[in-house]
Amino acid sequence: MKSIFNLVFTSCLVSSTLADLSIDTTSALTAAQWRCLAGNGLGRMGARVYTSDGAFDEVGIGNIFQSSTLNLEGYNAHIVPCVANCKNNLTSGASQAYAVVNRLDKEFGKYPQIHDGLLIFIQIDKSNNWSTDQKQNQQFVNDMINALYEVLETQYAVIITNYNSWSSIVGANFSVAAAPGLKWVNWNGKADLTSGWTPFGGWASPTAHQYAGGVTSNNCTTGIPLNYSYFDGNDFSKLRKDRKMIRRANTLKKFNRH
Ligand SMILES: *[C@@H]1O[C@H](CO)[C@@H](O)[C@H](O)[C@H]1NC(C)=O
Ligand SMILES: *[C@@H]1O[C@H](CO)[C@@H](O)[C@H](O)[C@H]1NC(C)=O
Ligand SMILES: *[C@@H]1O[C@H](CO)[C@@H](O)[C@H](O)[C@H]1NC(C)=O
Ligand SMILES: *[C@@H]1O[C@H](CO)[C@@H](O)[C@H](O)[C@H]1NC(C)=O
Ligand SMILES: *[C@@H]1O[C@H](CO)[C@@H](O)[C@H](O)[C@H]1NC(C)=O
């Protein structure tokens with residue numbers, strides 16, 4: 001994996017797709033480390049903000065702040081849904097979605113340069129304790145996405161998954177009616193949206209591709225595991241303009257109805 005990755009990273013450095021790299025990690029990086037990554041082609045950063053334990057991830061929220069002076073194209077806020085034994089007792093997809101948007105508004109509402117660049121990603125992964133009842137899981141995912149779309153005036157979220165996880169958790173052919181984007185996880189070392197892609201879940205093509213994971217050889221952050229994704233910079237800058245998260249006031253107004 002490492003050697004494949006090194007090859008990819010080297011070719012990234014000399015190609016014209018520099019701005020199409022996004023990196024996420026669950027480790028705390030310093031502002032200097034984010035600056036180093038940005039100097040090596042980082043376009044967007046990703047941060048887990050909610051964990052499968054049913055808790056906010058303060059490390060991820062801290063990473064968004066640490067990277068916020070770099071004029072990145074945007075910030076991917078990852079939710080890992082809690083599907084069993086939730087510390088905060090929020091069990092439904094909707095209640096978790098509201099909690100996350102509320103927290104992000106509180107943290108970043110007064111920083112429009114961050115807030116307007118946030119996109120919500122939901123990680124659907126077999127390693128979490130999903131029910132064996134696919135219908136129940138489908139309902140959970142629909143419920144979370146519908147709730148997000150209700151409180152985000154602009155309706156866009158991205159699901160992070162792959163065929164194996166999706167087919168076992170909700171069934172290969174299940175597609176979310178609200179039509180979120182897909183960040184396709186396939187660590188094949190190919191920084192594109194097409195190599196090895198086979199449609200599932202109603203997605204004709206992915207929005208982004210996580211092509212390497214657990215990479216510890218980046219010399220901005222030696223030893224720290226990072227995940228690398230390719231995205232189409234044009235698509236995402238359009239999203240930033242058209243579908244950015246709404247301003248705090250609107251969101252809070254909607255919350256007050258609940
Ligand atoms: C990315 O890497 C982290 C470790 O930093 C891991 O916990 C996480 O699940 C990975 N994300 C995805 C989408 O695979
Ligand atoms: C969750 O529910 C349990 C059992 O009712 C209770 O003991 C605990 O304090 C609750 N935790 C939170 C964070 O509300
Ligand atoms: C997974 O869920 C089952 C059924 O709810 C539960 O018995 C088990 O303890 C859970 N495991 C973890 C690691 O949460
Ligand atoms: C998914 O849909 C395709 C095309 O309709 C079908 O051939 C396939 O058997 C379905 N797969 C499952 C797991 O239902
Ligand atoms: C990072 O590693 C690459 C390849 O190993 C090397 O060419 C480059 O000089 C290193 N950069 C820094 C800042 O150490």
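Read the numbers this way: they start at 1 and go in the same order the structure lists the ligands and their atoms.
- Close contacts of ligand 1 with P225, meaning ligand atoms under 4.0 Å from a residue heavy atom, involve 5 (O).
- At a heavy-atom cutoff of 4.0 Å, ligand 1 is contacted by no atom of R48, backbone or side chain.
- With sequence neighbours left out, the salt bridge (charged side-chain N to carboxylate O under 4.0 Å, His left out) criterion links D143 to no other residue.
- Ion pairing of E58 with R103 is present here, as a side-chain N (NZ or NE/NH1/NH2) and a carboxylate O approach within less than 4.0 Å.
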Per-pair distances, ligand 2 N/O vs protein N/O, less than 3.5 Å:
residue: ligand 2; atom: 2 (O); partner: N89; partner atom: OD1; Å: 3.3
residue: ligand 2; atom: 2 (O); partner: N89; partner atom: ND2; Å: 2.3
residue: ligand 2; atom: 11 (N); partner: N89; partner atom: ND2; Å: 3.0
residue: ligand 2; atom: 14 (O); partner: N89; partner atom: ND2; Å: 3.3

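- Between the side chains of H78 and D57, no donor-acceptor pair of N or O atoms lies under 3.5 Å.
- Donor-acceptor pairing under 3.5 Å is lacking for the side chains of D133 and S131.
- Proximity of T216 to I224: side-chain heavy atoms (C-beta onward) are nowhere separated by under 4.5 Å.
- Residue contacts with ligand 1 for D24 involve side-chain atoms from C-beta outward but no N, CA, C or O (heavy atoms, distance under 4.0 Å).
- In the displayed structure, Q134 atom CD is contacted under 6.0 Å by more than 12 heavy atoms of other residues, nucleotides or ligands.
- When only interatomic distances are considered, the shortest N/O to N/O separation between S27 and ligand 1 does not fall below 3.5 Å.
- W166 CH2 to I159 CD1: the interatomic distance, rounded to the nearest 0.5 Å, is 4.0 Å.
- Atom OG of S22 is separated from atom CG of L42 by 7.5 Å, given to the nearest 0.5 angstrom.
- Heavy-atom proximity to I160, at under 4.0 Å, picks out these atoms of ligand 1: 13 (C).
- Under the 4.0 angstrom criterion for non-hydrogen atoms, G213 is not in contact with ligand 1.
- Heavy atoms of Q123 found under 4.0 angstrom from ligand 1 belong exclusively to the side chain.
- Residues N227 and Y211 bring no donor and acceptor atom of their side chains to less than 3.5 Å of each other.
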